[in-house]
Number of protein chains: 2
Amino acid sequence: MEYQQAKERFIQTWGTLGAQWGINRTMAQVHALLLISPRSLTTDDVMEELGISRGNANMNLRGLVDWGLVYRDMQKGDRKDYFRAEKDLWVVAKRIAEERKRRELDTVKDQLIQLKNVVGDSEEVREFKKVISDIDNVTGQALQVLSMMTAAADNFLMKTIRKLKS
Amino acid sequence: MEYQQAKERFIQTWGTLGAQWGINRTMAQVHALLLISPRSLTTDDVMEELGISRGNANMNLRGLVDWGLVYRDMQKGDRKDYFRAEKDLWVVAKRIAEERKRRELDTVKDQLIQLKNVVGDSEEVREFKKVISDIDNVTGQALQVLSMMTAAADNFLMKTIRKLKS
DNA sequence: TTAAACTTTCAATAATTTTTGAAAATATAA
DNA sequence: TTATATTTTCAAAAATTATTGAAAGTTTAA
């Protein structure tokens, strides 16, 4: 397969995957482009490679910087901003997981806690209270498992693997 | 807080959470309604409670059955379909995780494998190959951890907890 | 069979999300 | 300063996704 073709297909594929996470399609495509690029790219590079407008490129690059997936570099003797992707895929996975947890689960848990104050003793209310506390338990334990997972990956597995490679 | 108010807020909250997973907003609201309902509901119940059309209610109920989150019951002497939610939240979490893995990661991994056949030895191609194999490693290991997690939860933790409860 | 009860489909419409591109804002060099 | 380069904003347009509701399809009882 030719590089150009492989590159286009990768950008497509990554875009589809990203769309299924909170990251929108174009943002994920910009990310893909930066991931496989050996050097930092400018806004104009991104516009040209993906055929998108300046506003769009700008918004999505900024979004990626907010997610912590892309860094903004300066280059001496040049006014342009250069963008460079975080290349350690474990860092990428962790950042996405953290950001999603923050945006989704944390707020939902807060809201559920308030709902526990519902009054009454009908069958409906009893069922309601049971479901709410079940959800609370599951999200609580899931979050524990998740943080254990990232901690373990960080401190043990990954460092060992990186050592072996280098 | 009154039950009616708590119920509406729960349906809203669950809808928002669901929208951030692959499940769309209305589907998650239908799921929420069924989750807190002590008995099975008909399509008409769902239409009335959520104020949605018959077609919409039908599609989303069917979707939930496909996801394995809702069961279709019959009731003797009645032609209507009755719908009942899976109430074990650990089963719900597992079903969602499995379905998303199937829909997202599995197809992406297949596609990435093909992309490894790219030819050439420029800097771009070397970087490309490196990123692809990194992604392959991360998804591979993440999937292992995930399946270990669900297996562990299934076989040990959850059964123990359930025993303690009953 | 036929009629009634119920479910499913799908083209049209509505709602939401994304993208554009030109104008405004900001930063740098001369 | 002023001119130039670059980034950011945002209202309008385009694209995408969800919803409606009536018609077609299916199942069951008599």
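First the proteins, then the strands, lettered A, B, ... as listed; each starts at 1.
Ranking D:dA18, D:dT8, D:dT27 by closeness to the B:Asn24 side chain, first place goes to D:dA18. The nucleotide whose nearest atom lies closest to any side-chain atom of A:Ser53 is, among D:dT20, D:dA5, C:dT20, C:dT20. For B:Arg54, whose side chain is taken as the heavy atoms from C-beta onward, the closest listed nucleotide among C:dT7, C:dT19, D:dT7 is C:dT7. Distance from the side chain of B:Arg62 is smallest to C:dT9 among C:dA29, D:dT8, C:dT9. Comparing C:dT28, C:dT7, D:dT7 against the side chain of B:Arg72 picks out C:dT7 as the nearest.
Under the 4.0 Å criterion applied to side-chain N and carboxylate O atoms, A:Arg62 and A:Asp66 are not assigned as salt-bridge partners. Salt-bridge annotation for A:Lys80 and A:Asp44: absent, with no side-chain N of the basic residue lying under 4.0 Å from a carboxylate O of the acidic one.
Rounding to whole angstrom units, CD1 of residue A:Ile52 and P of C:dT20 are separated by 7 Å. In this structure, the CG atom of B:Leu41 is 17 Å from the C1' atom of C:dT7, given to the nearest Å. In this structure, A:Asp78 places its CG atom 10 Å from P of C:dA29, rounding to the nearest Å. One atom, CG of A:Asn58, and another, P of C:dT18, lie 16 Å apart when rounded to the nearest Å. When rounded to the nearest whole Å, the span between OH of A:Tyr82 and C1' of D:dT7 equals 15 Å. One interatomic measurement links the two molecules: CG of A:Asn60 to C1' of D:dT9, which rounds to 14 Å at whole-angstrom precision. Atoms CE (A:Met59) and C1' (C:dT19) sit 9 Å apart, rounded to a whole Å. The CG-C1' distance, from A:Leu61 to D:dT6, rounds to 14 Å in whole Å.
A:Ile132 and B:Met1 end up in the same hydrophobic cluster when Ile, Leu, Val, Met, Phe, Trp and Tyr side chains are linked at under 4.5 Å.
With the nearest nucleotide of DNA chain D identified for both A:Gly55 and A:Lys80, A:Lys80 has the one nearer the 5' end. Place A:Gly51 and B:Phe83 on DNA chain C by their nearest nucleotides, and B:Phe83 ends up nearer the 5' end.
Distances shown here put a side-chain N or O of B:Thr26 below 4.0 Å from the OP1 or OP2 atom of D:dT19.
Side-chain polar atoms of B:Thr107 and B:Asp110 form no donor-acceptor pair below 3.5 angstrom.
Contact annotation: side chain of A:Arg79 to base of C:dA29, donor-acceptor pair absent below 3.5 Å.
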Taking distance alone, no hydrogens or angles, what donor-acceptor pairs closer than 3.5 Å link side-chain atoms of residues 25-33 of chain A to residues at least two apart or in another chain?
| from | atom 1 | to | atom 2 | distance (Å) |
| --- | --- | --- | --- | --- |
| A:Gln29 | NE2 | A:Gln12 | OE1 | 3.2 |
| A:His31 | ND1 | A:Trp14 | NE1 | 3.2 |

